[in-house]
Amino acid sequence: MRRAFFGVEGLDKNLDKGFSYGSQIMVEGDSGVGKTVLAGEFIKEGLRCGDTCIYVACDEPPSVMRQHLLNFKIGVPVYEEKNRLVFIDAYEESGSSEKYSLSDQRQLDKYFALETEVIRNFKGHSIRLVVDSLSTLFTMVDTADVLEFHRTRLKYLRRNGVLVMDIFVNGVLEPRIMTVTGHLYNFILKMNFGRGKYNGTRFMQIGKVKSQQFVSSRYMFDINPVYGILLTARMGVGE
Amino acid sequence: MTDSKIIYRKMVNYMYKSMCRTMEQLPFSGQHWLEQLMFGVSQCILDDYGSELENSSQKPENICRAYLDLLDDKGFIDANDYYLEGTEDGVIVRVDNRSCVYRQYCLEVLEEGLPFSCIRLAAFQAVLRQVLVKEYTPQIYVDWENGICEGKLFYSSCPREDIVTREGHELKIAGRRAILLTQETYISLLTSINEHAPHALKHVLYDAGYRSGVYLARKAREMYDDNKECLQFLLREIEYQGMGRPELISFDELSGRAEIHCYDSFQVAAAEEYGHLYRSPQVICDLLRGIFAAYLGVLLDRETICEELHCQSVQGNYCEFIAIPVPRYEKKGDSK
């Protein structure tokens with residue numbers, strides 16, 4: 001079975017054999033740190049590998065990701081025409097001109113129905129799904145509902161071999177929800193701005209939760225307008 | 001026609017066809033050298049009878065007319081089979097091909113898809129070169145149904161990219177210094193970029209393709225008025241350079257969209273022999289992608305982007321490319 005990668009050199013190098021389709025990645029990070037850029041890299045890599053990439057835009061309209069990809073010289077309309085790049089508008093709520101849109105962000109069951117409908121439409125394809133950001137959908141929902149929805153959804157996606165990247169913005173959800181949610185993912189990628197003498201420097205850590213501990217490798221990274229995310233050094237912290 | 005005339009005619013046609021078959025095996029199409037051979041024949045006629053050429057004009061159609069009269073006078077051709085018309089930068093030649101002595105050669109060579117040069121048009125090229133000391137580029141359209149060949153000779157100051165010459169130890173393409181790159185050298189370059197700057201590899205290839213494509217497309221645009229014709233010419237250049245065999249599937253000038261399939265891309269062959277440079281199977285022909293984007297961008301004068309949707313290195317027997325003008329997205333949603 002073909003393996004998948006982020007599309008970020010340095011990060012991929014340390015993934016050994018990459019992800020299997022059906023894996024789930026949680027990306028958790030500070031606002032403005034580059035989570036959407038990482039999502040763009042993940043999509044770009046998927047498009048090159050022949051995947052169908054589904055992007056759920058919750059925090060900004062889909063046109064922002066379209067323009068972002070275009071800035072990296074990705075011929076977005078070509079992939080959309082060929083159904084290789086699909087946008088779900090979970091931002092506009094009303095008056096969306098997208099083929100797939102969510103009418104009410106607060107109703108997780110409606111979201112789940114929409115997501116499964118889109119995935120069913122591309123059955124047989126290797127699918128990458130990016131939700132940017134899932135935490136936005138969870139903000140106005142009861143904790144118990146969040147956890148139930150999340151378990152059911154991730155089970156469905158795993159069973160259907162969908163490679164998932166769920167994005168969470170730091171500080172939006174309660175730490176307890178984040179901890180419990182984190183256990184449901186195969187990989188966790190944390191993206192943060194450094195503090196103290198590293199103020200303003202971007203860091204990322206990729207790892208897994210093992211015995212309540214986040215075991216990871218830490219990297220410094222930057223965002224380049226041509227190359228996207230560039231890992232500059234491995235910090236050797238927490239390894 | 002006597003038996004011996006038929007035999008001689010057949011022999012001449014066989015010889016020309018054989019030349020074309022040989023030329024096909026030369027790198028960069030052999031088209032230039034084929035034309036040189038045709039010139040050579042015409043030059044022999046000029047060497048023998050050129051002093052009798054009655055011409056004092058500098059206009060291409062008048063020079064060609066004088067040459068026609070000379071050949072008619074010497075019994076080589078019947079000048080009545082020809083129609084000449086002057087254009088801004090050259091001359092249009094129409095010939096009745098039903099009685100053309102080179103009909104057999106022409107039919108068979110075109111059918112086999114071999115490099116082709118119209119012998120009659122080459123003769124005019126030769127005389128124009130001799131009198132005006134200028135190079136004229138030929139273009140020919142053969143209409144078998146109506147029995148007409150329409151050729152055009154137009155002045156071009158740019159040497160063609162298929163003209164490969166060796167001057168002492170220097171190899172030149174279109175008059176500029178060039179090198180031949182083996183697969184080993186090419187893959188060494190790529191491997192080296194991948195080791196030093198892996199994040200840059202696909203960008204470097206796309207960009208390099210784009211830059212070289214822009215150069216060639218600008219040059220070609222000076223030679224062709226028709227965009228589709230120009231694009232076909234540019235795609236042939238890719239084939240001549242050994243980078244693959246591109247085929248134009250569709251081209252809509254209005255929308256700026258083109259679909260191109262490329263068989264046996266050089267990059268695919270290199271990957272098959274030396275292994276893939278990327279971690280997972282994916283499209284790899286970024287150099288061609290850049291070249292196609294540049295071609296369309298220059299021809300349509302619109303910023304263009306090209307995607308490789310399927311790569312022969314992953315599956316199938318060709319790579320699929322789609323080029324489109326760069327779209328403009330309006331940012332909305334500030335209301336939220």
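Note that the structure is a prediction, hence the values are computed from the model and not measured. Letters A, B, ... are given to chains in the order of the sequence lines, protein chains preceding strands, and every chain is numbered from 1.
Heavy atoms closer than 4.5 Å to chain B are found in the side chain of A:Phe5, but not in its backbone. Heavy atoms of A:Arg2 lying under 4.5 Å from chain B belong exclusively to its side chain. Residue B:Asn194 does not touch chain A at all, counting heavy-atom pairs closer than 4.5 Å. When heavy atoms are compared at a cutoff of 4.5 Å, A:Val226 approaches chain B by way of both its backbone and its side chain. Proximity to chain B (any heavy atom under 4.5 Å) is shown, for A:Lys73, by both the backbone and the side chain. With a 4.5 Å cut-off on non-hydrogen atoms, A:Ile229 does not touch chain B at all. A:Lys13 touches chain B through backbone and side chain together, each having a heavy atom under 4.5 Å away. With a 4.5 Å cut-off on non-hydrogen atoms, B:Val283 touches chain A through its backbone and its side chain both. Heavy-atom distances place both the backbone and the side chain of B:Leu309 under 4.5 Å from chain A.
Residues B:Gln282 and A:Glu45 meet the side-chain proximity criterion, which asks for heavy atoms closer than 4.5 Å. The side-chain heavy atoms of A:Glu9 and B:Arg279, taken from C-beta on, include a pair separated by under 4.5 Å.
In B:Glu170, the CD atom is crowded: over 12 heavy atoms of neighbouring residues, nucleotides or ligands sit closer than 6.0 Å.
Between chain B and the options A:Cys49, A:Gly18, A:Gly50, the largest number of non-hydrogen pairs under 4.5 Å is found for A:Cys49. Ranked by heavy-atom pairs under 4.5 Å with chain A, the list B:Ile305, B:Val326, B:Ile322 is led by B:Ile305. Residue with the most contacts toward chain A among B:Glu308, B:His199, B:Arg257, B:Gln315: B:His199 (heavy-atom pairs, distance under 4.5 Å).
Contact record, A:Leu70 with B:Pro327: CD2-O, 3.1 Å, taken as the closest heavy-atom pair.
A distance of 8.0 Å separates CG of A:Asp12 from OG of B:Ser280, quoted to the nearest 0.5 Å.
Between A:Arg84 and B:Glu307, no side-chain nitrogen of the basic residue sits less than 4.0 Å from a carboxylate oxygen of the acidic one, so the salt-bridge criterion is not met. With respect to the salt-bridge test (charged N to carboxylate O, under 4.0 angstrom), the residues A:Lys82 and B:Glu320 qualify.
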